[in-house]
Amino acid sequence: MNGALLVAAGAAVGAPLRYLTDRAVRARRDPLLPWGTFAANLLGSAVLGLVTGAVQAHGASPQLQLLVGTGFCGALTTYSTFSYETLRLAESGARRWAAVNVAGSLTAGLAAVYAGWGLAGLIG
Amino acid sequence: MKGAVREAEILAVVALGGVLGAEARYGLGLLWPTPVASFPWTTLLVNALGCLVIGVFLVAITEGRPAHRLLRPFFGTGVLGGFTTFSTYCLDLHRLFEAHQPGLAVGYLAGTLAAALGAVGLGAAGTRRLLAVRRAGGAAA
């Protein structure tokens, strides 16, 4: 299947899932920290680690990388909203929370990639 | 019923925007692929550009002229969200660490963060300035 079509199919699911995740989290939590974006970035990083580990280290189809990696995970996660929400926190005087958001998102995202990659090793 | 239709419209434009943004990112990645164990310039620039544009866009529609209700979900959540990527950023870091390039990894980690936050701040501040100049011009006229 054509690469661009695989990316489109993945992104058409990933982007709305980020929107729904953000809305569901906002409805439940006090929105001091942007937990919705945090959750989407965490989930997308874990899945990307899993898929890339499966493709590169365990021989899964490279088409899976385009569909799930570039398309789904790329659209599920976002750097632009993460940066904008961090800026909003800093502007509102919550500079410490802005720093917490950055440090927490980075640590969690990186840990999620490692966890996903490790899981690919256990399955494959 | 009306609420469900509105919700479906939002999901549809987020999906459409997400596809457009992801295709742009995919295309730039094909144009400028990142060689193994080297600095991921393409992803860094994609993320910085998306942050600059979201700073301009969200300030323009929240503090400037009110926009159509589907514009923010389409362009902000969809296009820019689909264009930029946090997962690839984290995967790039994992790759650089695994390739025993801790210097590049830390440089990429901090460089992306500085470029992204700098770009969103610049976009927002520049747009606010422009809006203030316009308002002052409007008041004088």
Side-chain angles (χ1 to χ4, degrees), chain A residues 3-4 6-20 22-23 37 40-49 51-53 56 66 69-88 90-91 98 102 105-106 108-114 116-117, chain B residues 7 10-23 25-27 29-30 43 46-55 57-59 73 76-95 97-98 109 112-113 115-121 123-125:
Chain A
L6 290 167
V7 172
V13 178
L17 182 60
R18 171 163 41 80
Y19 169 78
L20 290 173
D22 191 50
R23 219 194 39 181
T37 303
N41 281 345
L42 181 69
L43 177 65
S45 299
V47 174
L48 185 62
V51 167
T52 311
Q56 292 192 356
L66 290 175
T70 311
F72 176 76
C73 296
L76 173 61
T77 65
T78 171
Y79 219 100
S80 47
T81 303
F82 161 70
S83 295
Y84 187 76
E85 287 169 343
T86 303
L87 176 74
R88 296 291 303 189
E91 282 178 349
V102 168
S105 297
L106 284 186
L110 197 54
V113 166
Y114 272 92
W117 194 286
Chain B
E7 187 64 22
I10 292 176
L11 287 174
V13 299
V14 167
L16 177 65
V19 168
L20 295 175
E23 291 296 349
R25 171 169 43 80
Y26 172 57
L30 290 178
T43 306
V46 160
N47 281 333
L49 178 63
C51 289
L52 178 72
V53 177
I54 207 167
F57 173 70
L58 287 182
V59 167
T77 310
V79 175
L80 294 176
F83 184 60
T84 62
T85 170
F86 195 86
S87 50
T88 305
Y89 168 69
C90 291
L91 183 71
D92 286 339
L93 289 171
H94 172 266
R95 272 204 190 117
F97 280 122
E98 292 296 302
L109 187 157
T112 298
L113 207 52
L117 294 177
V120 75

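The structure presented is a predicted model; accordingly, all values stated were derived computationally and were not measured. We name chains A, B, ... by the order of the sequence lines, and we start the count at 1 in each one.
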Between [options], which residue shows the highest count of heavy-atom pairs closer than 4.5 Å to chain B?
options                            : value
A/Leu106, A/Val13, A/Thr81         : A/Leu106
A/Ala8, A/Gly44, A/Ala111          : A/Ala8
A/Ala75, A/Gly116, A/Ala112        : A/Ala75
A/Ala12, A/Ser80, A/Ala15, A/Cys73 : A/Ser80

Do [X] and [Y] make a side-chain contact, defined as non-hydrogen atoms from C-beta onward lying under 4.5 Å apart?
X       : Y        : answer
A/Tyr79 : B/Leu113 : yes
B/Arg95 : A/Thr52  : yes
B/Tyr89 : A/Thr77  : no
A/Leu66 : B/Tyr26  : yes

Toward chain B, the part of [X] with a non-hydrogen atom under 4.5 Å:
X        : answer
A/Tyr84  : both
A/Thr37  : neither
A/Leu87  : side chain
A/Thr86  : side chain
A/Val102 : side chain
A/Leu42  : neither

Where is the tightest heavy-atom contact between B/Ala22 and A/Ala11, given as atom of each residue plus distance?
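Here B/Ala22 and A/Ala11 meet closest at CB-CB, 3.5 Å.
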
Hey, could you give me the OH/SG distance between A/Tyr114 and B/Cys90, rounded to the nearest 0.5 Å?
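Going from OH on A/Tyr114 over to SG on B/Cys90, the span is 11.0 Å.
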
Separation of B/Ile54 CD1 from A/Thr78 OG1 (nearest 0.5 Å):
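It is 6.0 Å, given to the nearest 0.5 Å.
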
Contact origin within B/Ile10 toward chain A - heavy atom pairs under 4.5 Å
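It is the side chain, since no backbone atom gets that close.
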
Heavy-atom proximity to chain A below 4.5 Å, by part of B/Ala12
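For B/Ala12, neither part sits under 4.5 Å from chain A.
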
Main-chain N/O of B/Thr77 paired with A/Arg18 side-chain donor or acceptor, under 3.5 Å:
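Yes, the answer is positive, given that a donor and an acceptor are paired below the 3.5 Å cut-off.
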
